[in-house]
Structures are given as C-alpha cells and as structure tokens.
Asks: 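My questions all concern the structure below.
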Amino acid sequence: MGRQMAFDLPVRQARGREDFFVAGANALALAALDTPEHWPAGRMLLVGPEGAGKTHLAAIWAEDHKAEIIDARALTDAGAERLAALRAVVVEDAQHMGGDPAAEEAAFHLVNLIAAEGGLVLFTADCPPRDWHLRLPDLKSRLEATTAVHIAPPDDVLLGAVLGKLFSDRQLIVPPTLVSWLVPRMERSLGTARALVAALDARALAERKPITRTMAAEVLDTLR
C-alpha cells in the first residue's frame, strides 16, 4: 500500500517531548537540558551537526520553560532587553552571529541581562564558539566559557526511529522491513534521513506508486 492520499499533504513536524527518541547519541544532551538549575551563569550551549536534533531538543526545552526561540541573525540590541525580560531564551544557529557586529553586540547584551535577571539562555550551534569567528572579545570569552553539551552522530536505533518518524510526519505507509533495510545502507546522518524520506515522498507522488525497496535503492543511489 502506498500513500493514503493521491495529492501532496503538508508535512507535520512533530516536535513534542513524546516525539523525541532518546538514544546514546542524545541522552546526555537531554539530561543537561532537563537540569537548567545546574547551568553555570544560566547559560548552556547545545552543539551538534545539522539534522542531529538540536531544533527538536530546543523546542522541548522552550516549551518546558515558556522560552522564546530566535535565530541568532535576528538578534538586535533593543530585542535583547525584551528577550531577557522573558527570563528564558533559545538562540538558534548561534554560529551565524560571528562577524555580524549587530548580532554580536545584541548577544553580549542578552547574556549580561539574562545573568542579571537570573534567567536562562540556550544557544544551539553546529560547532564550538572558537569556530564562530567572533570579533567581540568579551562575547567570545563568555561563550567559550559556556558549558557545552554535544549530540553525537546517530546510532542504528536512533536513525531507525527518526526514519520511522519522518515517514509518519509525511503520512507515508512503507513496507515494515524498509527502515531496517535502509539504516545500514545510508549515510549516518539525520540530515540524510530527512533528504531520503523527502526524495522518496516526491518520487512516489510523481509516479503514483507505493514506496518499495527497489524505489528506495534507486533513490539512495541518486543521493550518493
């Protein structure tokens, strides 16, 4: 059996705690985010490659703490005061603030205000602060001193669970053994998992055919 509908349905991005799969690759990160009372100066840095689950983890934390999520490139000095007043903020893709004077100044202002208010700020990034090319010395020193927790590359259990979730998000029905067949044959990356499921969805829709192992093998070849 293939798709439930013949037309393209919107992708439901399930980002709740119940949709998060805990495995060896991310268990330490989840534990660190669940204990913000232990964050030095109220700051934490979540580091991991693209597609590793940082956004999902940040969304869980933001929901738990009624925090606002903002892209680092959207930071402004005036906005920092408003965000600090919330006492809980997530700054995503923090590596992109490097070399942007306005964003760096705003981030420095935010860090100081959050500390003064006794609030919490969670930064997410794909690399540590030393690689962000920060130009503001005081911000650079503060962020390099921020405790960091890392998300490791996915293991088989996590990769399989994420594939299953991605198929479910797109309301796709696949053969029961397809996920276990895909896991050892694909690049060990959650970003690749997303690209693979999206490509299978598009192929099945275009050809009006169910997803099969043969189709999956052909799509894998194109992604390589």
Side-chain angles (χ1 to χ4, degrees), residues 13-23 25-98 100 102-134 136 138-154 158 190-191:
Q13 292 293 335
R15 290 263 170 82
R17 184 177 287 267
E18 68 276 9
D19 302 299
F20 188 78
F21 300 99
V22 182
N26 58 36
L28 182 60
L30 180 61
L33 267 60
D34 275 344
T35 54
E37 64 272 17
H38 299 315
W39 295 6
R43 299 195 303 273
M44 177 62 69
L45 173 61
L46 178 61
V47 181
E50 182 180 355
K54 298 188 300 297
T55 295
H56 194 163
L57 266 177
I60 292 171
W61 186 85
E63 176 68 22
D64 288 346
H65 297 277
K66 296 180 172 56
E68 183 166 330
I69 301 174
I70 186 168
D71 187 279
R73 289 162 290 196
L75 282 172
T76 64
D77 213 33
E81 295 185 8
R82 181 186 65 81
L83 292 169
L86 299 175
R87 299 176 62 84
V89 185
V90 177
V91 179
E92 284 212 288
D93 294 321
Q95 72 276 2
H96 292 312
M97 74 173 71
D100 181 334
E104 289 193 31
E105 287 285 353
F108 180 62
H109 196 190
L110 176 63
V111 164
N112 289 337
L113 288 171
I114 283 284
E117 293 286 342
L120 300 166
V121 57
L122 172 65
F123 292 94
T124 73
D126 61 11
C127 57
R130 66 173 180 270
D131 298 325
W132 296 0
H133 308 293
L134 295 167
L136 190 62
D138 288 340
L139 177 64
K140 180 178 172 66
S141 63
R142 279 169 173 73
L143 290 178
E144 289 187 351
T146 298
T147 300
V149 63
H150 295 256
I151 301 180
L158 179 57
L190 300 189

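Counting from 1, the numbers follow the sequence of the chain as shown. Since the structure is predicted, the reported quantities are computational estimates derived from the model, not experimental observations.
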Asks: So do the side chains of Thr124 and Thr55 get within less than 4.5 Å of each other, counting heavy atoms only?
Replies: no

Asks: Once you round to the nearest 0.5 Å, how far does NZ of Lys54 lie from NE2 of His150?
Replies: 11.5 Å

Asks: Report yes if the side chains of Asp93 and Gln95 come closer than 4.5 Å at any heavy-atom pair, otherwise no.
Replies: yes

Asks: Just by modelled atom types, is the Val111 backbone N or O under 3.5 Å from a matching donor or acceptor in the Arg43 side chain?
Replies: no

Asks: Looking at Ala94 and Ala72, what are the two nearest heavy atoms and their distance?
Replies: CA-CB, 3.7 Å

Asks: How long is the gap from NE2 on His96 to CZ on Arg73, to the nearest 0.5 Å?
Replies: 4.0 Å

Asks: With rounding to the nearest 0.5 angstrom, report the OG1 to NE2 distance, Thr76 to His109.
Replies: 10.5 Å

Asks: Is the CD atom of Glu63 crowded by more than 12 outside heavy atoms at less than 6.0 Å?
Replies: no

Asks: Taking all heavy atoms of Leu120 and all of Pro36, pick out the closest pair and write down the distance.
Replies: CD1-CB, 3.7 Å

Asks: Between atom CD of Glu144 and atom CG of Leu139, what is the distance when rounded to the nearest 0.5 Å?
Replies: 9.5 Å

Asks: Tell me every residue that passes salt bridge (charged side-chain N to carboxylate O under 4.0 Å, His left out) with Asp138, counting only those two or more places apart in sequence or in another chain.
Replies: none

Asks: Could you tell me whether the side chain of Trp39 and the main chain of Thr146 form a donor-acceptor pair under 3.5 Å?
Replies: no

Asks: Minimum heavy-atom separation for Ala84 and Leu113, please, with both atom names.
Replies: CB-CB, 3.4 Å

Asks: Is there a donor-acceptor pair under 3.5 Å between the side chain of Lys140 and the backbone N or O of Leu134?
Replies: no

Asks: For a 4.5 angstrom cut-off between non-hydrogen side-chain atoms, does His38 reach Thr147?
Replies: no

Asks: So, for Glu104 and Met97, which heavy atoms are closest and what is the spacing to 0.1 Å?
Replies: CG-O, 3.3 Å

Asks: Could you state the interatomic distance from CG (Leu83) to CD1 (Ile69), rounded to the nearest 0.5 Å?
Replies: 11.5 Å

Asks: Quick check against the 3.5 Å criterion: does Trp132 have a side-chain atom that pairs as donor or acceptor with the backbone of Cys127?
Replies: yes

Asks: Provide the closest heavy-atom pair for Leu75 versus Ala107 in the form atom of the first, atom of the second, distance.
Replies: CD1-CB, 3.9 Å

Asks: Checking side-chain contact (heavy atoms from CB on, under 4.5 Å) against Val149, which of Asn26, Leu45, Leu33, Leu57 comes through?
Replies: Leu33

Asks: For the residue pair Val90 and Ala58, what are the closest heavy atoms and their distance?
Replies: CG1-CB, 3.8 Å

